[in-house]
Amino acid sequence: MPKKDVIDAKAKKVDVVTKQFKDAVSAIVVNYRGLSVAEVTDLRKQLRDAGVQFSVVKNNIVKRAADATGYEGLDEVFSGPTAVAFSNEDPVAPAKILKKFADNTDAVEIKGGIIEDKIATLDEINTFATLPSREELLSTLANILQDPVRKFALAVKAVSEKDNDGDAA
């Protein structure tokens, strides 16, 4: 392959990864060395089910893409085998899935990332990973809102039954 074609191909890859960074609400960088094929397949499935794109990217390409989008502070995380989990919808999903996976295997190491356009430290990513999901928060809110209505309905029922008992006597 001629050198110009190689350079053009790399430039296209940088453009693709740059767009992924621009579109993402979060991007978590991990070292995946030592994962078996079955584990990688399982991890990719979990991420895909959550709407997260998982890409193995060469460090020089992901570094150029991060620099192009203004995330120069990530340079130190782009070493060794690098994969990036990009989420365009849920900023917490990749952190939750990757943290859970990393807790269950020594082969995955979270190195850093971006959450809602800010460079996130490992501690911040771990904090986000422990937050309840959107669905869990909505369920909790629904239960909180239903509780007073439920109590009122029980009170009305109790008064109604009391009145009915009084009529029977």
Side-chain angles (χ1 to χ4, degrees), residues 16-32 35-36 38-57 62 65-78 82-167:
V16 167
V17 177
T18 300
K19 183 172 178 0
Q20 287 176 310
F21 272 117
K22 286 180 179 177
D23 294 345
V25 292
S26 69
I28 307 299
V29 181
V30 297
N31 176 344
Y32 62 93
L35 283 179
S36 69
E39 290 171 325
V40 170
T41 303
D42 182 38
L43 177 59
R44 284 184 184 273
K45 182 184 182 320
Q46 289 180 39
L47 290 166
R48 188 175 40 252
D49 290 348
V52 177
Q53 183 179 7
F54 188 69
S55 302
V56 175
V57 187
V62 73
D67 289 347
T69 51
Y71 299 125
E72 291 92 2
L74 287 174
D75 289 353
E76 70 275 357
V77 302
F78 301 132
T82 300
V84 186
F86 294 98
S87 176
N88 296 350
E89 297 171 13
D90 185 355
V92 178
K96 289 179 88 61
I97 294 167
L98 291 168
K99 171 136 177 51
K100 182 179 175 188
F101 209 87
D103 288 346
N104 293 329
T105 179
D106 293 335
V108 173
E109 172 196 359
I110 297 174
K111 298 196 284 187
I114 300 155
I115 298 177
E116 295 188 331
D117 297 327
K118 294 183 183 106
I119 293 175
T121 65
L122 189 54
D123 289 338
E124 290 170 330
I125 292 169
N126 287 331
T127 300
F128 272 95
T130 60
L131 292 174
S133 70
R134 182 177 191 273
E135 290 75 23
E136 292 169 328
L137 290 172
L138 289 174
S139 174
T140 301
L141 177 62
N143 286 335
I144 289 170
L145 294 175
Q146 286 178 348
D147 193 49
V149 174
R150 189 177 304 119
K151 287 180 180 175
F152 178 74
L154 289 172
V156 168
K157 182 179 176 187
V159 168
S160 172
E161 288 174 354
K162 182 179 178 188
D163 286 348
N164 287 341
D165 289 343
D167 291 343

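Remember, predicted model here, so these are calculated numbers, not experimental data.
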Test: ring pair (Phe, Tyr, Trp, His ring centres under 6.0 Å). Region: residues 115-148. Which pairs qualify, not counting sequence neighbours? none
Could you work out, with side-chain contact (heavy atoms from CB on, under 4.5 Å) as the rule, every residue matching [X], not counting sequence neighbours?
X: Leu137; answer: Pro132
X: Ala24; answer: Phe86, Asn88
X: Val25; answer: Ser87, Pro91
X: Glu124; answer: Ala120, Thr121

Results of side chain to side chain donor-acceptor pair (under 3.5 Å) for Thr82 - residues two or more places apart only: Asn59, Lys111
Going by the rule side chain to side chain donor-acceptor pair (under 3.5 Å), which residues pair with Lys19 if we only count those two or more places apart in sequence or in a different chain? Asp23
Please name the residue in the list Ile115, Val29, Ile114, Val92 that meets the side-chain contact (heavy atoms from CB on, under 4.5 Å) test with Ile125. Ile115
How many angstroms lie between [atom1] in [X] and [atom2] in [Y], if you round to the nearest 0.5 Å?
X: Glu39; Y: Asn104; atom1: CD; atom2: CG; result: 10.0 Å
X: Phe21; Y: Leu74; atom1: CZ; atom2: CG; result: 6.5 Å
X: Thr127; Y: Asp123; atom1: OG1; atom2: CG; result: 6.5 Å
X: Ile110; Y: Ile28; atom1: CD1; atom2: CD1; result: 7.0 Å

Pairs in or reaching into residues 84-103: which pass salt bridge (Lys or Arg N to Asp or Glu O under 4.0 Å), with residues at least two apart or in two chains? Lys99-Asp103
Under 3.5 Å, side-chain donor or acceptor atoms of residues 142-155 against the rest of the protein: list the pairs with distances, not counting sequence neighbours.
{"residue": "Asn143", "atom": "ND2", "partner": "Ser139", "partner atom": "O", "Å": "3.4"}
{"residue": "Gln146", "atom": "OE1", "partner": "Arg150", "partner atom": "NH2", "Å": "3.3"}
{"residue": "Asp147", "atom": "OD2", "partner": "Lys151", "partner atom": "NZ", "Å": "3.3"}

Any sub-3.5 Å donor-acceptor pair from Ser55's side-chain atoms to Val57's backbone N or O? no
Counting distance only, does the side-chain N/O of Ser160 pair as donor-acceptor with the main-chain N or O of Val156 below 3.5 Å? no
Using the side-chain hydrogen bond (donor to acceptor under 3.5 Å, both in side chains) rule, collect all pairs that involve residues 66-76, keeping only residues at least two apart or in two chains. Tyr71-Asp117
Identify all side-chain donor-acceptor contacts of residues 46-53 below 3.5 Å with residues at least two apart in sequence or on another chain.
{"residue": "Gln46", "atom": "NE2", "partner": "Asp42", "partner atom": "OD1", "Å": "3.4"}
{"residue": "Gln46", "atom": "NE2", "partner": "Asp42", "partner atom": "OD2", "Å": "3.1"}
{"residue": "Asp49", "atom": "OD2", "partner": "Lys45", "partner atom": "NZ", "Å": "2.8"}
{"residue": "Gln53", "atom": "OE1", "partner": "Gln20", "partner atom": "NE2", "Å": "3.0"}

